[in-house]
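Below: one structure, written as structure tokens.
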Amino acid sequence: MTTPKLFFRFLLIFILVLLFVPAALAQPETRPVLAASPTPTPTPKPTPTPVVKPAVAAPAAQAPIKLGNVTVSGSFRLRAENWDWYDTNSGDGRYTFGAGTLRVGLSQQKEHFEWMIEAEAPFVAGLPKTAVVAAPQGQLGLGGNYFAANGNQDASVFLKQAFVNFKGFGKYNNLKLGRFEFNDGLEVLPKDAALATLKRDRISQRLIGSFAWTHVGRSFDGLQYGYNNKGWNFTFFGARPTEGAFQLNGMKQLEVDLFYAATTKGFKTKNSENEARAFVIQYHDGRRLLKVDNRTAALRNADFANKIRITTVGGHYIGVRKAGSGKVDLLAWGVGQFGDWGNLNQRSGALALEAGYQFSGKVADKIKPWLRGGYNYSTGDKDATDGTHGTFFQILPTPRIYARTPFFNSMNLEDAFAEFRVKPHAKLALRTDLHHLRLSSAKDLWFAGGGAFQKQSFGFAGRPSNGHRNLGWFADVSADYTVNPRTSVTFYYGASAGGRVQSAIYPLGNRMHFAYIELTQKF
């Protein structure tokens, strides 16, 4: 078998890149320059500027690349992925492939406006040609997704972002127009580091995301308006998503309309910092595609021409407060959905309840241990013939944040999990998760995917449950090492011990493994 050899070959490439990028690795440790980020920082700034004592001279920040008054910025990401999918009697789910993404942008900051133009060039190497088999086994890991979406194409260049952002007009307003990235829930980031981490990792992109973990991601063509005053933020976003994600060419937009409005308020007490948000999302899919749901093929074909129009109403609360010598954090998120799923009535919902504790003490303050746990639930359809579609629809998320080995997403799912984080060194962050997964309804499908990404694919995949609910156990571990503010390396490994759902589809074996190593270099 050549898979281990290929994996270690890619590992060797990563080591060589780390050794022979002198400009990247020789830089002194400095604060990253905001203007060099691929996506300009929203207002207010998500990362507070570190406080430097007057008596201590601050290290010289690395100067951005300039062409006159224009800043040149970008990033290069290189990743090797190793998959060992559930065993099949056809195809091959054991493979390793490599991929990379280069992003280069030009931007300029003025007092009352800023603009940015950015190009992206993704590429893949060694995609498996035998990892796409007939349903219900389907695509055997994400290598199969990329091959199904691109065939023999292995690279592309397209316009990733091109926008102008008008800042501070009417004192509290800003307006962004053009093509840009958008992640719901990140309109404002709290000053408290723990609360900001919760928003980034457990609130944002549940329903709308840039899907940037894939090798292409997605952008949006439209506008974003923001109003900030006295701790209040109101955001309106209206756009169409671009192609991308698993499809290498992300230039064209999709016939999908998306509208989002949210109001967010942060508030503090003597011992706590908190935030609440209320939002509404209107989604319309005008593509003529066969819908993925639990109806028979005949019923779905009869509903082919009818559109999807869904309204989602929801909100979240997050808070961090002192408890004993440490801090406790709480999170609640929930939505309800109604509208039309073709000729069916949409009636669905989802919720998340989570809590955690950050330990404090002489040793704990050095390694920052953080223990969390929670329960995430979304509705599934219980009757394929009753005229109602009860499956929670995840819209356009970044599912990998909540399913770090993305063989599932947050549709028709019960997910009970525990998570532990620790930082044994200022440059090293470790994390491990343990999940027990079940389908909410045994009469619905086992779903995966992150929503519309090309004209000819629905965007979500569904495999039959065969009357079962148990998706088994899933555990993973990751290590993120920050070489310097512009260079980082990530190692990840996840494993699934599948349940009766997987056993019914993959009778030869219901174990699955996924590992990758990634280098990210910003400039």
Side-chain angles (χ1 to χ4, degrees), residues 184-185 201-209 211 260 277 279-283 285 291-295 308 310-318 331-341 344-355 373-384 386 388-417 419 433 435-452 458-465 468-474 496 499 501-502:
D184 85 284
D201 293 350
R202 303 304 305 175
I203 290 292
S204 76
Q205 305 181 63
R206 281 183 180 264
L207 300 178
I208 305 172
F211 216 167
Y260 166 89
R277 174 182 59 136
F279 62 87
V280 60
I281 302 172
Q282 180 67 38
Y283 176 90
D285 192 338
K291 301 170 184 63
V292 175
D293 56 50
N294 62 341
R295 291 176 292 177
I308 296 174
I310 296 177
T311 300
T312 303
V313 180
H316 82 251
Y317 162 81
I318 51 176
L331 179 152
W333 176 93
V335 297
Q337 293 181 324
F338 59 90
D340 300 317
W341 181 269
L344 301 179
N345 294 319
Q346 179 77 24
R347 299 290 186 271
S348 56
L351 64 86
L353 299 172
E354 303 178 9
Y375 175 75
N376 290 253
Y377 170 84
S378 64
T379 59
D381 193 82
K382 298 180 179 180
D383 188 343
D386 65 354
T388 298
H389 183 246
T391 308
F392 168 65
F393 180 61
Q394 208 177 348
I395 310 180
L396 292 169
T398 301
R400 202 267 166 176
I401 296 177
Y402 304 94
R404 297 210 298 166
T405 294
F407 66 95
F408 63 98
N409 63 16
S410 297
M411 298 166 62
N412 185 36
L413 189 74
E414 294 183 26
D415 177 7
F417 75 93
E419 171 191 308
D433 290 23
H435 296 252
H436 183 257
L437 305 169
R438 297 201 314 166
L439 301 183
S440 301
S441 171
K443 296 182 179 180
D444 206 349
L445 305 178
W446 160 27
F447 290 95
F458 186 71
F460 292 107
R463 295 179 173 90
S465 65
H468 304 302
R469 294 182 62 190
N470 187 13
L471 276 176
W473 292 88
F474 163 64
S496 163
V501 174
Q502 290 97 322

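Heavy atoms only: backbone and side chains are in, while hydrogens, waters and symmetry mates are out.
- Listed by chain and residue number, V292, N294, F447 satisfy the side-chain contact (heavy atoms from CB on, under 4.5 Å) test with L445 (two or more places apart in sequence, or in another chain).
- With hydrogens and angles disregarded, a donor-acceptor distance shorter than 3.5 Å links the side chain of Q337 to the backbone of F393.
- Partners of D201 according to the side chain to side chain donor-acceptor pair (under 3.5 Å) rule, which considers only residues two or more places apart in sequence or in another chain, are R421.
- Qualifying salt bridge (Lys or Arg N to Asp or Glu O under 4.0 Å) partners for R404, counting only residues two or more places apart in sequence or in other chains: D476.
- For R438, the side chain to side chain donor-acceptor pair (under 3.5 Å) test picks out E414, with sequence neighbours left out.
- Considering every non-hydrogen atom in both F392 and S410, the closest pair reads CD2-O, 3.2 Å.
- Residues satisfying the side chain to side chain donor-acceptor pair (under 3.5 Å) criterion with S378, sequence neighbours excluded, are absent altogether.
- Between W341 and H389, the two ring planes are parallel [angle under 30°; tilted spans 30° to 60°].
- Legend: residues meeting side-chain contact (heavy atoms from CB on, under 4.5 Å) with T388, ordered by chain and number and at least two apart, are N345, R347, D386.
- Residues satisfying the side-chain contact (heavy atoms from CB on, under 4.5 Å) test with L471, not counting sequence neighbours, are L413, L437, L439, W446, V501, Q502.
- Residues Y377 and L353 form no side-chain contact, since every pair of their non-hydrogen atoms from C-beta on lies 4.5 Å or further apart.
- The shortest side-chain heavy-atom distance between T379 and S348 falls under the 4.5 Å cut-off.
- With sequence neighbours excluded, no residue satisfies salt bridge (Lys or Arg N to Asp or Glu O under 4.0 Å) with D383.
- Screening L344, D293, T391, N412 for a side chain to side chain contact (heavy atoms under 4.5 Å, CB included) with D381, the sole residue that qualifies is T391.
- Under the side chain to side chain donor-acceptor pair (under 3.5 Å) criterion, D433 pairs with R431, not counting sequence neighbours.
- Two residues are said to be in side-chain contact when any heavy atoms from C-beta on lie closer than 4.5 Å; I395 and R206 fail this criterion.
- Here CD1 of I310 is found 11.0 Å from CD1 of I281. Values are rounded to the nearest 0.5 Å.
- Side-chain atoms of N376 and E354, non-hydrogen and from C-beta on, do get closer than 4.5 Å to each other.
- Taking the side chain as every heavy atom from C-beta outward, W473 and H436 approach each other to under 4.5 Å.
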Yes or no on side-chain contact (heavy atoms from CB on, under 4.5 Å) for W333 and I318, after CA distance, side-chain angles and deciding distance?
-> CA-CA 9 Å; W333 176 93; I318 51 176; over 6 Å; no
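- Between G450 and P397, the closest heavy-atom pair is O-CD, 3.3 Å.
- Remark: D444 engages no residue in a salt bridge (Lys or Arg N to Asp or Glu O under 4.0 Å) (not counting sequence neighbours).
- Residue pairs meeting the ring-ring contact (aromatic ring centres under 6.0 Å, His included) criterion with at least one member in residues 395-415, sequence neighbours excluded: F407-F474.
- The salt bridge (Lys or Arg N to Asp or Glu O under 4.0 Å) test applied to D415 returns no partner, not counting sequence neighbours.
- Considering V335, T312, T311 in turn, T311 is the only one that fulfils the side chain to side chain contact (heavy atoms under 4.5 Å, CB included) rule with V280.
- At a threshold of 4.5 Å between non-hydrogen side-chain atoms, the residues D184 and R277 count as touching.
- Considering CD1 of I401 and CD of Q205, their distance stands at 3.5 Å, rounded to 0.5 Å.
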Show your working on side-chain contact (heavy atoms from CB on, under 4.5 Å) between L207 and Y260 and close with a plain yes or no.
-> CA-CA 10 Å; L207 300 178; Y260 166 89; over 6 Å; no
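- Note that the CG atom of L351 and the OH atom of Y375 stand 7.0 Å from one another [nearest 0.5 Å].
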